[in-house]
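The block underneath contains the structure these notes are about, expressed in structure tokens.
So you know, we letter chains A, B, ... as the sequences are listed, proteins then strands, and number each from 1. Because the structure is predicted, anything quoted here is derived from the model rather than measured.
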Protein chains: 2
Amino acid sequence: MTRDEILIAAAQIFSQKGFHATSMQDIAQAVNLQKASLYHHISSKQEILVEVLDRALGLLICNMEEVMEGDSPPDEMLRQAIRAYVVTILENRDLSAVLLLEHRSLEAELHTRHVPHRDQFEQLWRDLLKRGIEAGVFETAEPAMTVRALLGAMNWAITWYRPDGPLSPGKIADEFAGLFLTGLRRRDGS
Amino acid sequence: MTRDEILIAAAQIFSQKGFHATSMQDIAQAVNLQKASLYHHISSKQEILVEVLDRALGLLICNMEEVMEGDSPPDEMLRQAIRAYVVTILENRDLSAVLLLEHRSLEAELHTRHVPHRDQFEQLWRDLLKRGIEAGVFETAEPAMTVRALLGAMNWAITWYRPDGPLSPGKIADEFAGLFLTGLRRRDGS
DNA sequence: GCCTCCCTACCGACCATTCGGTAGTTTAAG
DNA sequence: CTTAAACTACCGAATGGTCGGTAGGGAGGC
């Protein structure tokens, strides 16, 4: 039994039942250990949460920076960014669900240490949008709010996406990109 | 002390700490009662949650049907629907946060009884979109997914909106409507 | 006016259970 | 022999919920 397996199992249960509804007993059972044996690998329940959150955010930042460092035009880069984000989230649902929905279960001090990383991540998106506006490709009155609308739409997918459903993560990402770039209203009405 | 006050206080604490992290002791303290006295007004913690969820969803459905029953053209009605939804959510943050983030804390049976009501609500939006498509005003390959993107962007606002921030619920709603109707890409580039 | 009865609202004490976590011991591999 | 990794047994605290009891305010009979 490795620390990794415990974290993965914990993330899965956290994502299903929520942090506070998950007991150490639940986690132990999932990895076929006694509860006490868990403490040989980890030091507390909070520590599990912190590490799951760090991994999730790290994974996302890593995948996003890869895209943002490219030199595509802003609209194309936005497409790629949306795709990277949606696919990463939906292919790592347990980690992502904990990151998005359970971070407020962090104790005060750990929480204040965690929040800046999230802001940093949101800043990546704001920068991308800003470049698009300066290049005359995008147009929006409230860029910060637009980013949050976009992130909200994508984040919410964690609540309804089912891997056995009709839509693949890639398809979802492309539809999102199309929707946000061109809007819902039909143009060039015949 | 009335049942109402207890429910409102409970919703507020649930929305802050989450259902499972909230103890009956917390709720009792918030309404200046002993824990045992709560049970004179309510029969269980789950019952509180159920009633908060029902109220929240009822409030939303009520406000949305009012809009949907009008006879504006689809794009105008979508504007109004977005405005009604966003404003209702952001002006009833405690109720809404519980509805959106804590419904999974419902016990199995109550949960299965609750979910259809949510589907019903989502159906209202799908119908609105469908009417727009048939009228040739909207264009989207996956209407069901588009609705979820829209709802996701709006729902997520509950996680970042602050009443003392620079954006009013009305302003946010209008920006959302603009974004989803016309998209981010600048048109008629000079 | 007074007494009885009942009812709502509340309380302190308590219950069984579960919680996160600890102590000390055994097992097994190098 | 050592050490990592697992175990059994246990702890104090907190949890959701129950119990018997009480303060106080009408309602109704006499």
Side-chain angles (χ1 to χ4, degrees), chain A residues 1-55 94 98 101-111 113-114, chain B residues 1-55 94 98 101-111 113-114:
Chain A
M1 184 55 44
T2 70
R3 188 186 169 93
D4 250 49
E5 296 179 69
I6 293 174
L7 292 173
I8 288 169
Q12 204 249 317
I13 311 179
F14 286 170
S15 76
Q16 268 184 15
K17 317 208 293 182
F19 177 77
H20 284 292
T22 302
S23 69
M24 294 301 278
Q25 180 68 29
D26 293 334
I27 299 172
Q29 198 172 322
V31 293
N32 274 98
L33 282 186
Q34 294 302 311
K35 183 180 53 149
S37 310
L38 288 180
Y39 287 87
H40 181 72
H41 303 274
I42 53 97
S43 72
S44 75
K45 197 184 176 190
Q46 277 285 318
E47 196 197 49
I48 298 181
L49 181 56
V50 171
E51 188 141 341
V52 169
L53 289 174
D54 283 350
R55 282 185 189 213
D94 296 341
V98 177
L101 302 173
E102 302 298 330
H103 70 106
R104 66 177 171 169
S105 296
L106 269 181
E107 281 167 6
E109 195 206 347
L110 294 169
H111 191 263
R113 208 180 305 164
H114 177 71
Chain B
M1 183 54 44
T2 70
R3 187 186 170 92
D4 250 49
E5 297 178 68
I6 293 174
L7 292 173
I8 288 170
Q12 204 249 316
I13 310 179
F14 286 169
S15 77
Q16 269 185 14
K17 315 209 294 181
F19 177 78
H20 284 291
T22 302
S23 69
M24 294 302 277
Q25 183 69 252
D26 292 335
I27 300 172
Q29 198 172 321
V31 293
N32 274 98
L33 283 185
Q34 293 302 310
K35 186 180 51 148
S37 310
L38 286 180
Y39 287 87
H40 181 72
H41 302 274
I42 52 95
S43 72
S44 74
K45 196 184 175 189
Q46 279 285 316
E47 197 197 48
I48 298 182
L49 181 56
V50 171
E51 190 143 339
V52 169
L53 289 174
D54 283 349
R55 282 185 189 211
D94 296 343
V98 176
L101 303 173
E102 301 299 329
H103 71 106
R104 67 178 171 169
S105 296
L106 269 180
E107 281 167 4
E109 195 206 347
L110 294 168
H111 190 263
R113 207 181 304 163
H114 175 73

- [ ] Report which part of the nucleic acid Gln34(B) touches: base, sugar-phosphate, or nothing (heavy-atom distance under 4.0 Å, all strands).
- [x] sugar-phosphate
- [ ] Step through the shown structure and confirm whether more than 12 heavy atoms of other residues, nucleotides or ligands are within 6.0 Å of CD on Glu107(B).
- [x] no
TODO: Select one nucleotide: of dG17(D), dC7(D), dC10(C), the one nearest the side-chain heavy atoms of His41(B).
DONE: dC10(C)
Task: Selection from dG17(D), dC10(C), dC19(C) that lies nearest to any side-chain heavy atom of Met1(B) - done: dC10(C)
Open item on the list: Take a 6.0 Å sphere around CD of Glu5(B) and say whether it holds more than 12 heavy atoms from other residues, nucleotides or ligands.
Closed with: yes
Open item on the list: Asp26(B) and side-chain hydrogen bond (donor to acceptor under 3.5 Å, both in side chains): which single residue from Lys35(B), Gln16(B), Lys17(B) fits?
Closed with: Lys17(B)
TODO: Would you kindly give the CZ-to-P distance between Arg3(A) and dA5(D), to the nearest whole Å?
DONE: 12 Å
Open item on the list: Measuring from the side chain of Tyr39(A) (C-beta onward, heavy atoms only), which nucleotide among dA9(C), dA4(D), dT22(C) has the closest atom?
Closed with: dT22(C)
Task: Closest nucleotide among dC10(C), dA4(D), dG17(D) to the Leu33(B) side chain - done: dC10(C)
TODO: Would you classify Thr22(B) as touching base, sugar-phosphate or nothing, given that sugar-phosphate means primed atoms plus P, OP1 and OP2, and contacts are heavy atoms under 4.0 Å?
DONE: sugar-phosphate
Open item on the list: Tell me whether the side-chain N/O atoms of His40(B) come closer than 4.0 Å to OP1 or OP2 in dA9(C).
Closed with: yes
Open item on the list: Nearest to the side chain of Met24(A), heavy atoms from C-beta on, is which of dG20(C), dT8(C), dG16(D)?
Closed with: dG20(C)
- [ ] Would you state whether a donor and an acceptor, one from the side chain of Lys35(A) and one from the base of dG21(C), lie under 3.5 Å apart?
- [x] yes
- [ ] Check whether any side-chain N or O of Ser23(A) sits under 4.0 Å from OP1 or OP2 of dC19(C), and answer yes or no.
- [x] yes
Task: Nearest-neighbour nucleotide for the Ser37(B) side chain, dA4(D), dG16(D), dC11(C) considered - done: dC11(C)
- [ ] Would you please classify the geometry between the His103(A) ring and the His111(A) ring as parallel, tilted or perpendicular, with 30° and 60° separating the classes?
- [x] parallel
